[in-house]
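Just the heavy atoms: all of them, side chains too, but no hydrogens, waters or symmetry mates, feed the values below.
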Amino acid sequence: MLMKEYRICMPLTVDEYRIGQLYMISKHSCEQSGGGEGVEVVTNETDTHPQHGQGQLTEKRIYLSSKLPSWAKAFVPRFFYVTEKAWNFYPYTITEYSVSFLPKFSIRIETRFENNNGDNGNVFGDTPTPAKNVSFLDILSDPIPEKHYKESEDLSRWQSSKTGRGPLEEGWRDDHQPIMCSYKRVQCSFEVYGFQTRTEEFIHRNIQDILLIGHRQAVAWIDEWHGLSLEEVREYEQAMQEKTNSKVKSSQNNTGPSAAPRPVFSRSISVTDERSLKKMGVTTCEAMSDPAASSGPKSPLRLNSTPE
């Protein structure tokens, strides 16, 4: 299991980001849904944690069939999805990801938000993350895949008419007010011999891109959500969830008989079932190339409907 801690600062307060996060998640999920893929909200209800009090439990299905490498498409369900479960006890959250046909795959993201510039060395209050496993991500200067660049989300050009903040300049984390930090402890596990190290490193590279893009958007869209109450943004969230679910289900229902059929297998196939994979012409273990150079997407694979 590969564990890293990411620290992402934003020119916001923790209270502001609570609104911005909910708005950004809802808007982004709706934008990314369509063609049978996207984010379907299965559960969104209140929950109580013995330590953190009352919060929200959300379960989502993130459909990603077209994002699979070509060798995997032969034996996964037509509408492959990742399950995301998120427990939001703001300013503390836990998010977990799993895949039904990959029982040895999991991602767990533990997040805490604080009003500082990322200088808390033990924000989770247990065993501090070793310095070599801590990465500061800069929403201003760290590169993102060209495909996801938008001038309107470039924080070196961003200017908020509602708050007067922006644009950000080099070194902004040292003296900008307000400032907050999103601390994320990410544990990634794919316990399959011959695949584990490269796959876990590949996932972490994609997670870094996802976090940068999502946190940039939360700041760049501030004039759309700043000033909304928690009740108002929850109403927006509900409306977007209904719209998003409708887009995903409508596209799936319209697939129809013209879609290319999937092969039918008499039993489920595990990624560790090497003999079955070879029968389908799938290259295994040592012959597999680095996932980063595979036929998969060159832009971030949005495992996460939200960067939390």
Any side-chain heavy-atom pair of S26 and V233 under 4.5 Å: no
Non-hydrogen atoms of T93 and N88 that approach each other most closely: CG2-OD1, 3.4 Å
When every non-hydrogen atom of H215 is compared with those of S182, the smallest separation belongs to NE2-OG, 3.5 Å
Given side-chain contact (heavy atoms from CB on, under 4.5 Å), test V219 with W158 step by step and report yes or no. CA-CA 9 Å; V219 175; W158 160 74; 3.7 Å; yes
Among T129, N120, T111, N116, exactly one meets side-chain hydrogen bond (donor to acceptor under 3.5 Å, both in side chains) together with Y183. Which residue is that? N116
List the atom of H204, the atom of L2, and the distance in Å for their closest heavy-atom pair. NE2-O, 3.2 Å
Hey, can you tell me if Y236 and Y23 have their rings parallel, tilted or perpendicular (30° and 60° cut-offs)? parallel
Does some side-chain heavy atom of V82 sit less than 4.5 Å from a side-chain heavy atom of I107? no
side-chain contact (heavy atoms from CB on, under 4.5 Å), paired with I25, selected from K27, H28, Q21: Q21
Please identify which of these residues, K85, E84, K60, meets the side-chain hydrogen bond (donor to acceptor under 3.5 Å, both in side chains) condition with Y97. E84
Tell me if the NZ atom of K243 is crowded by more than 12 foreign heavy atoms within 6.0 Å. no
Heavy-atom check, side chain of S156 versus side chain of L140, under 4.5 Å: yes
More than 12 non-hydrogen atoms from neighbouring residues, nucleotides or ligands closer than 6.0 Å to CD on Q159, yes or no? yes
For atom CD of E45, is the number of surrounding heavy atoms from other residues, nucleotides or ligands below 6.0 Å larger than 12? yes
